[in-house]
Amino acid sequence: MATLPLEMTIEILLRLSVKDLLRFKCVSKPWCSSIDDPDFIKLHLSHSVKTNTNHSLILRHCEYHFFSVNYDSLKTTQRLNHPLGEQKTPIKILGTCNGLLALIDDNGIIFLWNPSTRKSQVLPSTEIEFSSPSIFFPRSTYYGFGYDPIPDDYKLVRMVQVHGKNNSYLHSEAKVYSLRSNSWRRIKDFCFYLSFYREFGFLADNALYWMVLKTPQSGNKSIVGFDLGTEEFRFVELPDSCLNKRFCMNMKAMGGYLCLIATYTEFNDDVVDIWIMKESWIKLISWKKSESILGFPIVIPLAFSKSGDKVLFSIALHKFVWYDLGSKRVENVGIRGLPSSFDVDLYVESLVPLMVML
C-alpha cells in the first residue's frame with residue numbers, strides 16, 4: 001500500500017473497523033497521523049452511519065456489568081471494561097451519541113466513555129442553584145446527551161425539578177454541559193412538569209426527547225423536544241389516533257428517528273402500536289395481544305436491518321428477535337453469552353476523542 005496515493009489509502013481505511021484502525025496506527029507515522037486526524041475521524045464516523053456498519057449493541061447487566069455484541073454478526077457477547085473497573089457501583093447510561101456514552105454512577109458522578117478506544121473523561125460537577133424546602137417530594141432529574149454539529153460540540157442536558165405538597169412549591173432549572181468548554185451553564189427554564197424520579201432522553205434528528213406532563217393534574221404524558229442547536233424546548237404532537245385513548249407510552253430512537261411505543265386497550269384486547277417520526281408520524285407496526293406472535297412482554301425496537309425490511313427487537317429484557325415488516329414473521333436471534341437480563345442500547349463504534357475540544 002506504500003505505492004498507493006494517499007487519497008486511495010484514506011478510502012480504504014474508512015472501511016475498516018475501529019479495532020483495526022487502532023492496530024494500524026502502528027504501521028507508520030503517516031498512517032498514525034491520518035487515523036488521528038479530526039477530518040478522518042469525522043469521515044469514518046459518517047461512513048459508518050451512512051452504510052450502517054461498525055455498529056454494536058451495548059448491554060448492561062446487574063447495573064455494573066457491560067457487554068457488547070457486534071451488530072453485523074449478532075453472534076456472541078464480549079465483556080467490556082468500563083471506566084470504574086471492578087467497583088460494583090451501579091451505573092446508568094444517560095445517552096449514546098457518535099460512539100460516546102454518557103454514564104452516571106450511584107454517587108452522581110458523570111463521565112463520558114468511548115468503549116471502542118477505551119478512553120473516558122469525568123465531567124466537572126455542578127450545583128443545583130435553587131434552595132430546596134425542608135419538606136418536599138423526591139427531586140426529578142432528567143438527562144440527555146447529543147451532538148451539535150455547528151460548533152462541533154457534544155452537549156449533556158440536565159433538568160432538575162422539585163415539587164412540594166399539592167404542587168404548592170416548585171423549583172426547576174436546566175443546565176447544559178459543553179465538552180468544548182468543559183463547563184456547565186444554565187439555560188432558560190422549562191414550562192412543563194417532570195413526571196419521574198429520573199429519566200434519560202432519546203436523541204433523534206439533532207434533538208433530545210423526553211416524556212413529561214403539561215400539567216401535574218393531567219396525568220397524561222406528552223413529548224417534549226430540546227433542539228441542541230437553538231437550545232430551546234418544544235412540545236411534539238402525538239399521533240392523532242393516540243389523542244383520545246388512555247395508553248401507556250414509551251419512546252426509543254431508531255435509525256435516527258424518534259420512535260413511539262403506545263400500548264392501550266381496544267375492544268377488550270391489548271394493542272401495541274409502534275410509530276416512527278419522519279416528516280410526520282408513521283405507524284410502523286401494530287399488533288394485538290390475542291393475535292401477536294411476539295407475545296406481550298416488554299417489547300423495545302432497537303434498529304432496522306441494513307436492507308430496512310426488518311426491525312430488531314429486545315423482548316422482555318432477555319432476548320432478541322428480528323421482525324419482518326413485510327411477512328410479519330419473527331425470527332429468534334441466538335447470541336452466545338447473553339446475560340439473564342439486561343438493558344440495551346445501540347451505538348456506532350468511532351474514534352471520536354474525549355479530550356476537551358478547545
Side-chain angles (χ1 to χ4, degrees), residues 13-14 16-26 31-49 54-60 64 66-68 78-87 89 91-126 143-158 175-185 200-203 206 208 228-229 253 345-358:
L13 293 177
L14 285 176
L16 299 180
S17 68
V18 173
K19 182 178 180 180
D20 287 337
L21 290 172
L22 293 176
R23 289 193 297 117
F24 291 164
K25 287 174 64 175
C26 301
W31 276 36
C32 182
S33 178
S34 295
I35 293 170
D36 283 339
D37 184 85
D39 290 334
F40 175 82
I41 291 173
K42 292 178 182 178
L43 284 173
H44 182 266
L45 174 63
S46 176
H47 182 270
S48 297
V49 172
N54 294 321
H55 284 69
S56 290
L57 301 174
I58 186 161
L59 283 58
R60 184 180 67 103
Y64 48 81
F66 285 83
F67 302 84
S68 69
Q78 179 180 353
R79 183 74 173 267
L80 295 176
N81 295 317
H82 60 73
L84 293 184
E86 296 301 318
Q87 297 182 43
T89 302
I91 300 172
K92 291 182 171 60
I93 299 176
L94 303 180
T96 68
C97 179
N98 293 347
L100 302 183
L101 277 67
L103 308 175
I104 186 169
D105 70 10
D106 215 30
N107 298 312
I109 297 174
I110 302 173
F111 47 98
L112 301 180
W113 176 38
N114 186 328
S116 302
T117 62
R118 301 181 184 180
K119 302 295 184 181
S120 63
Q121 176 175 315
V122 177
L123 272 58
S125 61
T126 181
Y143 292 95
F145 179 61
Y147 174 69
D148 183 359
I150 302 302
D152 187 22
D153 196 9
Y154 289 86
K155 297 179 177 180
L156 180 72
V157 180
R158 187 190 74 179
K175 286 187 174 182
V176 173
Y177 166 83
S178 160
L179 179 61
R180 178 169 289 278
S181 65
N182 193 34
S183 63
W184 292 87
R185 54 187 168 79
F200 313 130
F202 295 100
L203 176 65
N206 203 40
L208 293 163
L228 286 162
D345 283 280
L346 182 75
Y347 76 102
V348 57
E349 299 172 8
S350 79
L351 292 163
V352 173
L354 277 171
M355 68 282 292
V356 177
M357 303 164 64
L358 299 176

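In what follows, every heavy atom counts, from backbone to side chain, and hydrogens, waters and symmetry copies are set aside.
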Problem set entry | Rounded distance (nearest 0.5 Å) linking atom CG of L16 with atom NE2 of H44 | 6.5 Å
For this session: Enter the distance from L21:CG to C32:SG here, rounded to the nearest 0.5 Å.
Result: 11.5 Å
Problem set entry | For Y347, the option from L100, I58, I93 that meets side-chain contact (heavy atoms from CB on, under 4.5 Å) | I58
For this session: Keeping the roles fixed (side chain from D105, backbone from N107), state whether a donor-acceptor pair exists under 3.5 Å.
Result: yes
Problem set entry | Shortest non-hydrogen contact from F202 toward A253 | CD2-N, 3.9 Å
Exercise. So, do K155 and L208 sit near enough that their side-chain heavy atoms are less than 4.5 Å apart?
Worked result: no
Problem set entry | Donor-acceptor contact below 3.5 Å, side chain D153 vs main chain S178 | no
For this session: Side-chain contact test, heavy atoms from C-beta onward, threshold under 4.5 Å: evaluate it for R158 versus I110 and give yes or no.
Result: no
Problem set entry | Interatomic distance, R185 atom CZ to T126 atom OG1 [nearest 0.5 angstrom] | 12.0 Å
For this session: Taking side chain to side chain contact (heavy atoms under 4.5 Å, CB included) as the test, write out the residues that go with S17, two or more places apart.
Result: K19, D20, N54
Seminar exercise, completed: Tightest non-hydrogen contact, residues G229 and D148, listed as CA-OD2, 3.6 Å
For this session: Using a 4.5 Å cut-off on heavy atoms from C-beta on, say whether the side chain of L156 contacts that of W184.
Result: yes
Side-chain polar contacts of residues 111-118 - donor-acceptor pairs under 3.5 angstrom, sequence neighbours left out - could you list them?
from: N114; atom 1: OD1; to: S116; atom 2: N; distance (Å): 2.9
from: N114; atom 1: OD1; to: T117; atom 2: N; distance (Å): 3.3
from: N114; atom 1: ND2; to: S350; atom 2: O; distance (Å): 3.2
from: N114; atom 1: ND2; to: V352; atom 2: O; distance (Å): 3.0

Problem set entry | Contact check, side chains of Y177 and N182, non-hydrogen atoms, under 4.5 Å | yes
For this session: With rounding to the nearest 0.5 Å, note down the distance linking CG in L351 to CG in L22.
Result: 6.0 Å
Exercise. How far apart are the C-alpha atoms of Y147 and N206, what are their side-chain angles, what is the distance that settles it, and do they pass the side-chain hydrogen bond (donor to acceptor under 3.5 Å, both in side chains) test?
Worked result: CA-CA 7 Å; Y147 174 69; N206 203 40; over 6 Å; no
For this session: Look up atom CD in Q78 and atom OG in S56, then write down how far apart they are to the nearest 0.5 Å.
Result: 8.5 Å
Problem set entry | Spacing of D106 atom CG and Y64 atom OH [to the nearest 0.5 Å] | 12.0 Å
Exercise. Between F24 and W31, what is the ring plane arrangement, given parallel below 30°, perpendicular above 60°, and tilted in between?
Worked result: perpendicular
Problem set entry | L101 and H82: CA distance, side-chain angles, deciding distance, side chain to side chain contact (heavy atoms under 4.5 Å, CB included) verdict | CA-CA 11 Å; L101 277 67; H82 60 73; over 6 Å; no
Exercise. Is the closest side-chain heavy-atom distance between F40 and L14 below 4.5 Å?
Worked result: yes
Problem set entry | K92: side chain to side chain contact (heavy atoms under 4.5 Å, CB included) partners, not counting sequence neighbours | R60, E63, I104, R198, F200
